[in-house]
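Written below as structure tokens is the structure these notes are about.
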Amino acid sequence: MKIKTAIACVVVSIVLMAFAEKGGSLFHVPAGWPVPHYDFAKNKLTQEKVDLGRLLFYDPILSRDSTISCESCHSRFVAFTHVDHALSHGINDRIGKRNAPALMNLAWQRSFMWDGAINHLDMQALAPITNALEMDEQLPNVLEKLRTQSRYRFMFERAYGDTTISTEGMLRAISSFMVTLVSSNSKYDQVKRGEANFTRQEENGYALFLMHCNACHTEPLFTNGEFSRNGLAQDAVLQDLGRFAVTLQPEDSFLFKVPTLRNIAYSKPYMHDGRMKRLSDVLKHYASLHGQGVHMNNTLDQLPSFSSEQQVDITSFLLTLSDSTFVMNPAFSYPREIIASLTKESN
Ligand code: HEC
Ligand code: HEC
């Protein structure tokens, strides 16, 4: 390592550590939550990798014409989903095939994408980078572009101890940032910790939720991680076969991953194709399943025809899953302070 680089490394590290300390520890398992699925032994979490991953997540350099970053479709203020788009919009405004999921608590997730096509978080970023409707870039080009930038040579060296910029290093850094996106400070969590109380309406909604929704949207993650049908009519336009595309088992047709309901107030529109704009649409949908008996799913077939009052109660409970400290967390924002400290060093 050249002396100048070594000194710069120390200076930037001190500046960034000062920021990191304000944000608290990188990752912790909230009380009462299960053991994460992500194997931290294979990708040890360090502030340096998280910083690099955050820089990459917000950098359109990963797309063919440097216009689209991960953040284009996964914005912090809406719990890392796509602002107001039913289907994601990628390069040249090409319309994708599905609604961008909100990103949080990914370390507990066993499979990714609405159909579970990806089973390891470290592989996830490859999909949008190479998808023609999203970032439309090729991996060798991405690596080449990163290698031409001193800021990336520097950040890779800081994260991995040498200037080699490899696919693996890039993917692990992006994962490192993504696993830090933990949301566990909603009103619901505060109630569970004894720091707040539900209103009577929220309490009623919670009771209904436990009875009718929790089998699939299981607390504390608000998903059981399984694939399921929730009684939506098939979409005539997209004809998305869901899980079938992965397993090729006919019984898996139209199954989609049960999405988390945490931060649901931020992450509209809803469902894999974004067909529902409001939570009230979702509640009306579930209430309409009553007595249909066509879903071959006991939980769904036994749903009552929720009264409008019950729908409002459930909605008020769902709103307690909003975690404003998550969407406002400066550690997850555009990495202005990292970029500023890097620019200062290279001048
Ligand atoms: C053009 C919009 C777009 C861009 C850009 C994009 N994504 Fe996504 N992302 C999506 C969509 C749509 C899905 C769901 C795809 C599916 O189910 O087939 C998704 C799914 C995901 C998931 C899985 C979440 C889950 O719960 O299953 C992760 C993680 C993710 N994206 C991370 C990233 C990262 C990292 C980048 C940048 C390298 C990125 N995305 C860029 C639209 C986008
Ligand atoms: C049998 C399992 C199951 C049950 C029971 C169930 N859901 Fe769902 N839910 C799903 C699946 C699967 C999806 C995604 C469907 C899709 O996009 O095709 C979903 C989607 C949702 C969404 C949209 C989430 C998003 O990010 O797009 C909300 C909100 C929701 N459910 C709320 C509820 C409520 C409230 C109840 C109880 C009244 C409930 N669910 C009961 C399986 C279930």
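Every heavy atom of this structure was used, including side-chain atoms; hydrogens, water molecules and symmetry mates were not. As the structure is a prediction and not an experimental result, all values here were calculated from the model. Remember, it's 1-based here, ligands and their atoms both numbered in the order they're listed. Each residue takes its place number in the sequence, starting with 1.
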Go through ligand 1 atom by atom and flag the ones less than 4.0 Å from a non-hydrogen atom of I68. 5 (C)
Please determine if R262 forms a cation-pi arrangement with F222, meaning its NZ or CZ atom is less than 6.0 Å from the six-membered ring centre and no more than 45° off the ring axis. no
Per-atom filter on ligand 1: closer than 4.0 angstrom to a heavy atom of S69 are 5 (C)
Count I, L, V, M, F, W, Y as connected when their side-chain heavy atoms are under 4.5 Å apart, and connections chain through other members. Are L126 and I61 then in the same cluster? yes
Which residue and atom name correspond to the protein heavy atom nearest atom 26 (O) of ligand 1, and how close is it? Q109 NE2, 2.9 Å
Does H89 have a heavy atom less than 4.0 Å from any atom of ligand 1? yes
For atom 24 (C) of ligand 2, the option (of P259, A287, G242, P269) bearing the nearest heavy atom: P259
Under 4.0 Å from ligand 2, counting heavy atoms only, is it the side chain of F227, its backbone, both or neither? neither
Any non-hydrogen side-chain atom of L279 less than 4.5 Å from a side-chain atom of L319? yes
Using a strict 4.0 Å cut-off to heavy atoms of K257, name the atoms of ligand 1 that fall inside it. 25 (C), 26 (O), 27 (O)
Identify which of P304, A79, C216 has a heavy atom lying nearest to atom 2 (C) of ligand 2. C216
Within ligand 2, which atoms have a heavy atom of L232 less than 4.0 Å away? 16 (C), 18 (O)
For ligand 1, which atoms have a heavy atom of I174 less than 4.0 angstrom away? 35 (C)
Same apolar cluster (I L V M F W Y, side chains within < 4.5 Å links), I68/L133: no
Between the side chains of D252 and T247, is a donor N or O closer than 3.5 angstrom to an acceptor N or O? yes
Is it true that R172 and E168 make a salt bridge, defined as a side-chain N closer than 4.0 Å to a carboxylate O? yes
Would you mind listing which atoms of ligand 1 come within a distance below 4.0 Å of any non-hydrogen atom of G90? 1 (C)
Indicate, as side chain, backbone, both or neither, the part of L208 found under 4.0 angstrom from ligand 2 when only non-hydrogen atoms are considered. neither
Tell me which one of G205, S267, C213 gets a heavy atom nearest to atom 37 (C) of ligand 2. C213
Examine M113 against ligand 1 and note whether any of their N/O atoms are separated by less than 3.5 Å. yes
Judging by distance only, is a nitrogen or oxygen of N99 under 3.5 angstrom from one on ligand 1? no
Close-contact set for ligand 2 against S228 heavy atoms, below 4.0 Å: 1 (C), 2 (C), 12 (C)
Which protein atoms of type N, O or S are found under 2.8 Å from atom 8 (Fe) of ligand 1? H74 NE2
Taking the side chain as everything from C-beta on, heavy atoms only, tell me whether H89 gets closer than 4.5 Å to H82. yes
Close-contact set for ligand 2 against M271 heavy atoms, below 4.0 Å: 15 (C), 17 (O), 20 (C), 21 (C), 22 (C), 23 (C), 25 (C), 27 (O)
Hey, mind stepping through D281 and K268 against side chain to side chain contact (heavy atoms under 4.5 Å, CB included) and telling me if it holds? CA-CA 11 Å; D281 302 333; K268 64 183 182 344; over 6 Å; no
Short list, please: which atoms of ligand 2 are under 4.0 Å from a heavy atom of H272? 16 (C), 17 (O), 18 (O)
Could you list all the side chain to side chain donor-acceptor pair (under 3.5 Å) pairs where at least one residue sits in residues 112-122, not counting sequence neighbours? Y38-D122, R98-D115, D122-S175
Note, S228 side chain near C216 side chain (heavy atom, < 4.5 Å): yes
For E251, is the CD atom crowded, meaning more than 12 foreign heavy atoms sit under 6.0 Å from it? yes
Residue selection (non-hydrogen contact nearest atom 9 (N) of ligand 2) among Y270, Y286, F209, F222: Y286
Which bit of I264 gets closer than 4.0 Å to ligand 2, counting heavy atoms only: side chain, backbone, both or neither? side chain
Give a yes/no on ligand 2: does R229 have at least one heavy atom closer than 4.0 angstrom to it? yes
If a pair satisfies salt bridge (charged side-chain N to carboxylate O under 4.0 Å, His left out) and one of its residues is in residues 125-140, list it, with sequence neighbours excluded. R64-D136, R94-D136, E137-K145
Side-chain donor-acceptor distances from residues 203-213 under 3.5 Å, at least two apart:
residue: Y206; atom: OH; partner: K192; partner atom: NZ; Å: 2.8
residue: Y206; atom: OH; partner: E219; partner atom: OE1; Å: 2.7
residue: Y206; atom: OH; partner: E219; partner atom: OE2; Å: 3.2

Identity and distance of the protein heavy atom lying nearest atom 17 (O) of ligand 1: W114 N, 2.8 Å
Using a 4.0 Å cutoff against the non-hydrogen atoms of F306, which atoms of ligand 2 qualify? 38 (C)
So for ligand 1, is R98 a polar contact partner (N or O within less than 3.5 Å, distance only)? yes
